[in-house]
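Worksheet: one structure, shown below.
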Amino acid sequence: MAITRPKGTNDLLPPGSPKLSPVTSAAAHIWLTETARRVLERAGAQRIDTPVFEEAELVKRGVGDSTDIVRKEMFTVYYFGDHGGFILRPEGTAAIVRAYLQNGLKQLPTPLKLWTSGPIFRAENVQKGRYRQFHQVDYEVLGSADPLVDAEAIALMVDVVRELGLKEVRVKLGSIGDPADREAYNAYLRELFTAHLDRLSDDSKDRLTRNPMRILDSKSEGDQDLIAELSVKPMLDFLGDEARAHFEAVQGYLKDWGVPYDLDPSIVRGLDYYRRTAWELHHEGVGAKSALGGGGRYDGLAEILGGQATPGIGWAFGVERLLLALEAEGVELPQTEGPLLYVVALDEANVPHAAKIAIDARAVARTEFAYRAMKPGSAFKDAERRGVRWIALLGSQEIENGTLSLKNLQSGEQRVIGVSELAAFLEAEKQTSNFSHNPQPTPHNPTPQESP
RNA sequence: GUGGGUUUAGCUCAGUUGGUUAGAGCGCCGCUCUGUGGCAGCGGAGGCCGGGGGUUCAAGUCCCCUAAUCCACCCCA
């Protein structure tokens, strides 16, 4: 094969493709995004879209120079037409806050709930559930610091997951406090671990300077032994009065609403702009890292970007990770429907008639037609493969009588109707429910054929 | 950036201690089938054995390099 797609990217494929998987199914992506849209919009979220590339400065300032995203994960677009210095967006929040400020959205009713979805880019090495181009569903609320908004955001995240059909999902909830709390905690950790520097793993020595909280969820046994020995105090012990009250309020709402969560003091945000409430959604089966998505409050971000202070909170899901989780749980994704009607001419001379009938029928229902004449045997095989519900044969008899010979591929029912009755017939057929057919089962996991 | 696995037909994979024209199943195309599908039978197309270099009389097979891919580390979705 001459040219292949860039490393870490996926083609999203049509049903029946040999290499189809939940992650590479175009239909699965559409279905997932559509499901999220339904949940979010019925909660009042409005769609917003920002460019996939932005000024590098936006991410450097918004996300933070010291984060891995900025240090090694940004795709820089050095030259783009007449101007350089762009990056492919490595997350969604900074751009949405930028758009909020730039477009004067603060004049909309506050708090403003926004959502978006689309591709995200990070220059990382590839592994299960981690790609260089992947997709996120984002939800952001701007203009309110009320803990009620935090709780609602978490509840909505759980709602989306439930609506998708996922069961084994856990919310890990924490608070990283206000900036001063976080500084105090980091100072505490630095002092504590610096005294035992020789026992820390190399990775954790590095973490000690960059982000000491990361040491707490180190995979190294030696680190974990040390943490247990020192009985390290959790972040939550360092919350200031306001942050503590906020955090307790959030939990109070979640309990009221019956949203299950686990307190997890080791929750650490990789991005600098977060403060107070932080959480992640986890699931086994998406690979080494089980995070489906994460969220948090970012009240200082708008100011960092040079705008008026605006409190905000948001979360993002990894679409591919959700699809992997669905696969791991064996949740069946909705199957693609075939055409309701397939018109086939039996003689070359009648192909244009078949086309005309099909094109007219599209005013009512999904209809396809064969571009060449076929013998009945081939026509049925072809229709079968396409997942057709009704096939209409058009031969000399039908032309002569102005009729269509219809057959239902699933039930075997046959009937003859006049061409003029077709629209009404399709209209009625459209109402009959639960028609679901997978036109091309995957070869390695064929679905058993039902006999009529 | 680091470590390990894998790479042979459209797909999933066999291929012996190196030894003639490289195999299977599935899929695809055709026929049995000139107005009735799924089954079955028969036939067919389809391979620079990821790429490059080396060892050898001889390489899909052994060695080196490289790329892609998968998994894992760091970190994240």
Side-chain angles (χ1 to χ4, degrees), chain A residues 1-10 16-20 23 63 67-73 90-93 117 119-138 201-204 206-207 210-211 214 217-220 268-271 280-283 286-295 315-325 342 344-347 373-388 391 393-398 405-412 414 440-446 448-452:
Chain A
M1 190 174 299
I3 298 178
T4 53
R5 91 184 83 83
K7 182 200 221 83
T9 62
N10 288 304
S17 304
K19 295 193 176 176
L20 195 67
V23 166
V63 175
T67 60
D68 272 28
I69 284 184
V70 171
R71 281 170 59 241
K72 60 181 192 186
E73 291 172 13
E91 55 93 47
T93 303
S117 63
I120 300 287
F121 306 86
R122 292 188 194 169
E124 291 204 86
N125 271 347
V126 179
Q127 67 186 70
K128 188 178 178 71
R130 172 206 261 172
Y131 311 95
R132 289 184 170 184
Q133 175 177 337
F134 60 100
H135 298 80
Q136 284 189 340
V137 172
D138 257 275
S201 65
D202 287 346
D203 280 338
S204 285
D206 192 37
R207 292 179 180 117
R210 290 213 338 270
N211 195 345
R214 283 276 171 222
D217 59 358
S218 166
K219 279 204 175 63
S220 152
V268 183
R269 293 278 66 139
L271 282 48
E280 289 172 4
L281 229 72
H282 283 261
H283 190 280
V286 300
K289 285 290 174 168
S290 60
L292 298 177
W315 50 251
F317 273 126
V319 170
E320 285 80 358
R321 290 195 176 174
L322 284 172
L323 292 170
L324 285 169
Y342 188 50
V344 185
L346 299 175
D347 317 284
M374 284 189 242
K375 289 179 286 188
S378 315
F380 281 92
K381 277 183 200 161
D382 192 41
E384 175 74 19
R385 283 200 344 152
R386 290 169 193 276
V388 169
I391 185 170
L393 295 185
L394 196 62
S396 47
Q397 296 167 22
E398 286 82 5
S405 296
L406 296 171
K407 181 167 180 176
N408 187 309
L409 274 297
Q410 277 93 51
S411 68
Q414 299 201 54
Q440 303 195 0
T442 45
H444 324 297
N445 188 19
Q449 290 288 347
E450 287 177 3
S451 42

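What's counted below: heavy atoms across the whole structure, side chains too, no hydrogens, waters or symmetry copies. Proteins get letters first, then strands, A, B, ... in listed order; numbering begins at 1 in each.
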Backbone of Leu406(A) reached by a side-chain donor or acceptor of Gln414(A) within 3.5 Å: no

Rounded distance in Å between the P positions of C62(B) and G18(B): 8 Å

Nearest-neighbour nucleotide for the Glu384(A) side chain, G35(B), G37(B), A72(B) considered: G37(B)

No-H, no-angle donor-acceptor pair, Glu124(A) side chain to G1(B) base, under 3.5 Å: no

Within-4.5 Å side-chain heavy-atom neighbours: Leu346(A) and Pro376(A): yes

Minimum side-chain heavy-atom gap Phe317(A)-Leu281(A) below 4.5 Å: yes

Sugar-phosphate, base or nothing in reach of Gln414(A), heavy atoms under 4.0 Å: base

Closest to side chain of Arg385(A), choosing from G35(B), G37(B), C28(B): C28(B)

P gap between U12(B) and G53(B), integer Å: 28 Å

Base-pairing assignment for A68(B) (Watson-Crick or G-U wobble, both under 3.5 Å): U6(B)

Residues Glu124(A) and Arg132(A) bridged, charged N to O under 4.0 Å: no

Rounded distance in Å - CG (Leu409(A)) to P (G38(B)): 11 Å

Met374(A) CE to U36(B) P, straight-line distance once rounded to whole Å: 16 Å

Sugar-phosphate only, base, or nothing, as touched by Gln397(A) at under 4.0 Å among non-hydrogen atoms: base

Check: Gln136(A) side chain, Asp138(A) main-chain N or O, donor-acceptor pair, under 3.5 Å: no

Interatomic distance, Lys381(A) NZ vs C39(B) P [rounded to whole Å]: 9 Å

Touch class at under 4.0 angstrom, heavy-atom based, for Phe317(A) against every strand present: nothing

5' precedence on RNA chain B between Ser396(A) and Gly8(A) (nearest-nucleotide basis): Ser396(A)

Rounded distance (Å) that lies between atom C1' of A77(B) and atom CZ of Arg321(A): 5 Å

Length of the NZ-P vector between Lys375(A) and U34(B), whole Å: 5 Å

Among C71(B), C11(B), C73(B), the one nearest Lys19(A) by side-chain distance: C11(B)

Sugar-phosphate, base or nothing in reach of Ile391(A), heavy atoms under 4.0 Å: nothing

Side-chain heavy atoms of Ile391(A) within contact of Phe380(A), under 4.5 Å: yes

Identity of whatever pairs with C11(B) - Watson-Crick or G-U, under 3.5 angstrom: G25(B)

Nearest-nucleotide pick for Gln127(A), side chain only, options being G37(B), C73(B), G35(B): C73(B)

Test side chain to side chain donor-acceptor pair (under 3.5 Å) applied to Glu398(A) - qualifying residues, sequence neighbours left out: Ser405(A)

Rounded P spacing from C70(B) to C13(B) in Å: 14 Å

Listing time: all N or O pairs from protein to nucleotides 2-9 of chain B that are below 3.5 Å?
residue, atom, partner, partner atom, Å
U2(B), O4, Asn125(A), ND2, 2.8

Tyr131(A) OH to U69(B) C1', straight-line distance once rounded to whole Å: 12 Å

Watson-Crick or G-U counterpart of A58(B), or none if no pair lies under 3.5 Å: none

G-U wobble or Watson-Crick pairing nucleotide for C48(B) (cut-off 3.5 Å, both distances): none

Heavy-atom side-chain proximity of Val344(A) to Leu394(A) below 4.5 angstrom: no

Nearest to side-chain heavy atoms of Lys407(A), which nucleotide of G35(B), U36(B), G10(B): U36(B)

Lys7(A) NZ to A68(B) P, straight-line distance once rounded to whole Å: 5 Å

Sugar-phosphate only, base, or nothing, as touched by Ser405(A) at under 4.0 Å among non-hydrogen atoms: base

For atom CD of Gln136(A) and atom P of A77(B), their distance in whole Å: 7 Å

Complementary nucleotide of C31(B), counting Watson-Crick and G-U pairs under 3.5 Å: G41(B)

Close side-chain approach of Arg321(A) to Arg130(A), heavy-atom, < 4.5 Å: yes

